[in-house]
Participant: 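There's a structure below that I have some questions on.
Just so you know, these numbers use all the heavy atoms, side chains as well, and skip hydrogens, waters and symmetry mates. FYI, the numbering just counts along the sequence from 1. Order of appearance sets the numbers: ligands from 1, and atoms from 1 within every ligand.
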Amino acid sequence: MTVITDALCPFCGCLCDDISVVVEDNKIVDVKNACKIGASKIRGHHRIKSPMIRDDKNSDFKEVSYDEAIDKAAQILAGSKRALLYGWASALCEAHKKGILLAEELGAVIDNTATVCHAPSALAIHEKGVPTATLGQIKNRADVVIFWGCNPVHSHPRHMGRYSVFPRGFFSGKGRRGRKIIVVDVRKTNTAGIADEYVEIQQGSDYLIISALRAILSGHEDVVPESVGGVARKDLLRIAAILKEAKFGTLFFGMGLTQSKSRYKNIDNAISLVTELNSFNKFIMMPMRGHYNVTGFGQVCTWETGFATAVDFSSGAPYYNPGETAANDLLYRKEVDAAMIIAGDAGAHFPANSVRELAKIPVVQVDPYWNPTTEVANVVIPSAISGVELEGTAYRMDGVSLRMRKMIEPEHLADEEILDRLIARVREIRGE
Ligand code: SF4
């Protein structure tokens, strides 16, 4: 029996680094410190056992060797004119680098799961920059914490316990008692249940509320009407006063802000609000990133191509224009003639029209788990679980890079090796 301590959890953007794992006969028999979803991920479930192929999406899969599956996948990708390589958020940075190389080789479009969550944040930050900090700074300093359009009680279960609400830090020795928690949302979530101030807003009115707070903070409260987005003016005045009096304020935001009406302009406006708050105090903001290494893909893609997501290599050079080159834009216009979905689940998270389109074209899936994408795949290549069966680099939601540990020996190929073999085979097929 081996006990591995200080391991990292490969599930959400918190990347908790205090996990203990008990290993017996190359099997994980116990997981300590992780939340329920993290522990279930580390133990593994619904694994794909063997590579599989089917010619017709209505027929059953046939189990094949890795060589056969990789050859078939390479034939599909090498024969495509406009391939989409999508997913990447549950893979390590080392695999991201290989994926970008494959996209360049194919002249494909590479996009990641941020396209249906925080890509609008990347767009706004790209244009405007962002005042931010590490989760460690927040734990040690934050006295006012806002959760806007996010529900960490369910999405990031240990976030509030480790970083943002309950922990005692160097300048936050009173823990929860020393922090004012504000939740802004369209419904009373479980996170709202523990807040000091719950601000219930009308669906799609985030931009208006942010603008009203900015007007109050800049001394123009007279232009704010009696009610904005369902929030009374007097409540907005009270919230603005709390923000102004903070010593170290933090705005965590989720898909309630990025994917509601006004999308990236909401983030743009929130960046302005937080920037302006810095004339009164220290205030920062941070996206609540979902998959454990979705932040890492943005980093690798940016240093490799100059852009964080939705990069089109069809002209031979990286081109980026979300709204035109993001995964769902291409599927909506029916441009894609083959797709590889890796370490992400388009079948579960894309709009129905996009999934219908994926069901019509050849799809290669690379993933440890059987999921809705498997149902639209022609070739399925099972991979080892990054951060459990493979070590490598991942980026926490605050942009801090951490080294994921290997806990047990894998029975399946690493996605990095699968990508290496795909690149080599694509080059052979294309005679390069
Ligand atoms: S909060 Fe996230 S990273 Fe931490 S144990 Fe739970 S799932 Fe894993």
Participant: To which of Gly290, Cys35, Gly13 does the heavy atom nearest atom 5 (S) of ligand 1 belong?
Facilitator: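 Selected option, by shortest heavy-atom distance: Cys35.
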Participant: Determine whether a donor-acceptor pair (N or O, by modelled atom type, separation under 3.5 Å) exists between the side chain of Arg176 and the backbone of Phe166.
Facilitator: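 Judged by distance alone, no pair lies under 3.5 Å.
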Participant: Does Asp18 use its side chain to pair, donor to acceptor, with the backbone of Asp6 at less than 3.5 Å?
Facilitator: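 Checking the backbone N and O of Asp6 against the side chain of Asp18, no donor-acceptor pair under 3.5 Å is found.
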Participant: Distance to 0.1 Å, residue and atom name: give those for the protein heavy atom nearest to atom 1 (S) of ligand 1.
Facilitator: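 It is Arg158 N, 3.4 Å.
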Participant: Using a 4.0 Å heavy-atom threshold (strictly under), name the region of Asn33 that reaches ligand 1: side chain, backbone, both or neither.
Facilitator: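 Neither part.
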Participant: Below 2.8 Å, any N, O or S contact between Cys16 and atom 8 (Fe) of ligand 1?
Facilitator: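 Coordinating: no.
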Participant: What about the rings of His159 and Phe252, do their centers lie closer together than 6.0 Å?
Facilitator: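 That pair passes the under 6.0 Å test.
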Participant: Does any non-hydrogen side-chain atom of Trp88 lie less than 4.5 Å from one of Ile342?
Facilitator: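 Result yes, sub-4.5 Å side-chain heavy-atom pair found.
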Participant: Any idea which atoms of ligand 1 are less than 4.0 Å away from a heavy-atom of Gly38?
Facilitator: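 Answer for ligand 1: 7 (S), 8 (Fe).
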Participant: Is atom 6 (Fe) of ligand 1 less than 2.8 Å from at least one N/O/S atom of Cys12?
Facilitator: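 Given the 2.8 Å cut-off, Cys12 does not count as a ligand of atom 6 (Fe) of ligand 1.
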Participant: Is any side-chain heavy atom of Tyr292 less than 4.5 Å from a side-chain heavy atom of Ser90?
Facilitator: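 Sidechains of Ser90 and Tyr292: in contact.
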Participant: Once you round to the nearest 0.5 Å, how far does CD1 of Ile284 lie from CZ of Phe248?
Facilitator: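 Those atoms lie 5.0 Å apart.
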Participant: Looking only at protein heavy atoms, identify the closest one to atom 8 (Fe) of ligand 1 and say how far it is in Å.
Facilitator: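 So the nearest neighbour among protein heavy atoms is Cys9 SG, 2.3 Å.
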